[in-house]
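To keep things clear, I will list the structure first and then write my remarks on it.
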Amino acid sequence: MELSTENVYDSSSFKEGIKGGASIAIGYLPIALTFGLLAKTTGLSFLDTVMMSLVVFAGASQYIALSLIALGSGVFEIIFTTFIVNIRHLLMSASLNEKVEDDSLLKKAVYAFGITDETFSVAAIKEGTVSTRYIFGVTSISYASWVVNSGIGFLIGANLPQTLQEGMTVALYAMFVGLLVPSLKTSRKVLFLASFSAVIHSILAVLSILSTGWRIVAATLLASVVVEAIEYVKKGKGNRNGE
């Protein structure tokens with residue numbers, strides 16, 4: 001695919017990306033603030049909180065990491081769990097590789113780090129080939145919003161009364177419930193997956209098998225494999241019946 005010089009070197013592409021990512025930055029504000037506040041109540045320092053947002057930059061994974069930290073899980077358990085949650089980013093980055101203009105591997109690696117569900121959506125729906133400057137604009141403003149507001153959220157949490165800070169740990173679980181319920185209403189598959197994971201985790205807990213963090217990992221993996229296996233079998237039967 002040939003790209004015009006005007007498209008590749010258009011200095012306005014980065015500004016256009018900034019505009020495209022502005023809505024994401026605004027949307028990240030309350031979520032990042034909440035993350036920073038919960039990080040404080042979980043026991044992280046200001047530096048820990050900001051560094052997690054700087055290095056990880058993945059909202060769902062960071063919230064899960066907080067819950068595992070609160071449960072006293074080990075480092076490897078936390079890393080492995082967040083890896084599973086973030087594995088979809090490999091597919092999103094591979095998809096954008098076909099849409100974004102060809103560029104050096106280093107630049108691709110840099111903007112791939114900034115790919116989230118939201119930045120991917122903005123880049124994916126843009127018509128035509130997406131320039132590197134545009135994707136950098138989208139990811140830069142989104143990244144800055146997440147990191148800065150995480151720090152602000154921590155500072156807000158630090159000024160709350162100690163009793164309220166301790167009570168805010170409940171909000172971490174409320175956040176997960178809030179993320180899960182909308183999906184449960186629209187997908188029976190998600191409902192079955194969540195329920196099956198909960199059952200597996202409960203059985204492992206009653207039998208005192210594995211540590212808390214590894215129970216979450218095992219329940220997630222096993223439930224996912226079983227649900228996908230059931231879906232595969234159902235599709236196979238549907239195809240045979242349609243023949």
Side-chain angles (χ1 to χ4, degrees), residues 7 10-42 44-66 82 85-86 88-97 99-101 103 106-160 168 171-172 174-176 178-180 182-183:
N7 182 45
D10 184 2
S11 60
S12 66
S13 292
F14 182 78
K15 294 180 180 179
E16 185 183 356
I18 292 291
K19 292 179 181 178
S23 58
I24 300 175
I26 295 172
Y28 278 174
L29 194 152
I31 305 173
L33 287 174
T34 304
F35 168 75
L37 192 154
L38 293 176
K40 172 65 178 68
T41 60
T42 303
L44 270 64
S45 68
F46 177 78
L47 182 60
D48 292 335
T49 302
V50 174
M51 283 301 296
M52 184 184 286
S53 290
L54 278 170
V55 176
V56 181
F57 186 41
S61 295
Q62 290 181 225
Y63 275 106
I64 289 175
L66 285 184
T82 53
V85 173
N86 279 346
R88 71 190 187 282
H89 290 184
L90 295 175
L91 299 176
M92 290 191 288
S93 297
S95 175
L96 281 185
N97 187 55
K99 187 175 179 63
V100 181
E101 67 183 23
D103 214 320
L106 177 60
K107 289 183 179 179
K108 287 183 177 181
V110 172
Y111 70 65
F113 171 76
I115 298 302
T116 63
D117 296 335
E118 295 78 18
T119 56
F120 170 78
S121 298
V122 169
I125 63 175
K126 192 177 188 305
E127 293 185 5
T129 302
V130 176
S131 70
T132 302
R133 293 188 181 190
Y134 177 85
I135 196 71
F136 269 125
V138 173
T139 56
S140 295
I141 189 171
S142 304
Y143 182 60
S145 173
W146 181 260
V147 174
V148 171
N149 287 306
S150 294
I152 294 174
F154 181 95
L155 296 176
I156 292 174
N159 292 316
L160 293 176
M168 282 299 297
L172 186 59
M175 173 69 72
F176 284 119
L179 293 172
L180 182 61
S183 298

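Quick caveat, the model's predicted, so the values are computed rather than measured.
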Test side chain to side chain donor-acceptor pair (under 3.5 Å) applied to [X] - qualifying residues, sequence neighbours left out:
X: Ser45; result: Asp48
X: Tyr134; result: none
X: Thr82; result: none

Can you tell me if [X] uses its side chain to pair, donor with acceptor, with the backbone of [Y] under 3.5 Å?
X: Glu101; Y: Ser131; value: no
X: Ser95; Y: Leu91; value: no
X: Ser93; Y: Leu90; value: no

Test side-chain contact (heavy atoms from CB on, under 4.5 Å) applied to [X] - qualifying residues, sequence neighbours left out:
X: Asn97; result: Lys108
X: Ser140; result: Phe14
X: Gln62; result: Phe35, Met52, Ser53, Val56, Trp146
X: Leu106; result: Ser104, Val110

Spacing of Phe120 atom CZ and Thr139 atom OG1 [to the nearest 0.5 Å]: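 It is 14.5 Å, given to the nearest 0.5 Å.
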Atom pair OG1 (Thr42) and CG (Leu66), whose distance is rounded to the nearest 0.5 Å: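 One gets 4.5 Å once the value is rounded to the nearest 0.5 Å.
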Partner residues of Lys107 under the salt bridge (charged side-chain N to carboxylate O under 4.0 Å, His left out) criterion, sequence neighbours left out: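 Listed in chain order: Asp103.
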Closest non-hydrogen atom pair, [X] against [Y]:
X: Tyr28; Y: Ser145; value: CB-OG, 3.8 Å
X: Asn86; Y: Ser61; value: OD1-OG, 2.7 Å
X: Lys99; Y: Lys126; value: NZ-O, 2.6 Å
X: Gly151; Y: Phe46; value: O-CE1, 3.5 Å
X: Leu96; Y: Ala124; value: CD2-N, 4.3 Å
X: Ala39; Y: Thr49; value: CB-OG1, 3.4 Å

Name every donor-acceptor pair, under 3.5 Å, that has one atom in a side chain of residues 18-26 and the other anywhere in the protein, sequence neighbours excluded.
none

Among Ile115, Val122, Thr116, the one residue meeting side chain to side chain contact (heavy atoms under 4.5 Å, CB included) with Val138: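 Single pass found, and it is Val122.
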Partner of Leu33 under side chain to side chain contact (heavy atoms under 4.5 Å, CB included), chosen from Ile31, Leu29, Leu37: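 The side chain to side chain contact (heavy atoms under 4.5 Å, CB included) with Leu33 is passed solely by Leu29 among Ile31, Leu29, Leu37.
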Salt bridge (charged side-chain N to carboxylate O under 4.0 Å, His left out) partners of residues 110-119, not counting sequence neighbours, each pair once: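 Pairs touching residues 110-119 that pass the test: Arg88-Asp117.
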Worked verdict on Thr34 versus Tyr63 for side chain to side chain contact (heavy atoms under 4.5 Å, CB included): CA-CA 10 Å; Thr34 304; Tyr63 275 106; 3.5 Å; yes
Pairing residues for Tyr143 by the ring pair (Phe, Tyr, Trp, His ring centres under 6.0 Å) criterion, not counting sequence neighbours: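 Listed in chain order: Phe57, Phe113.
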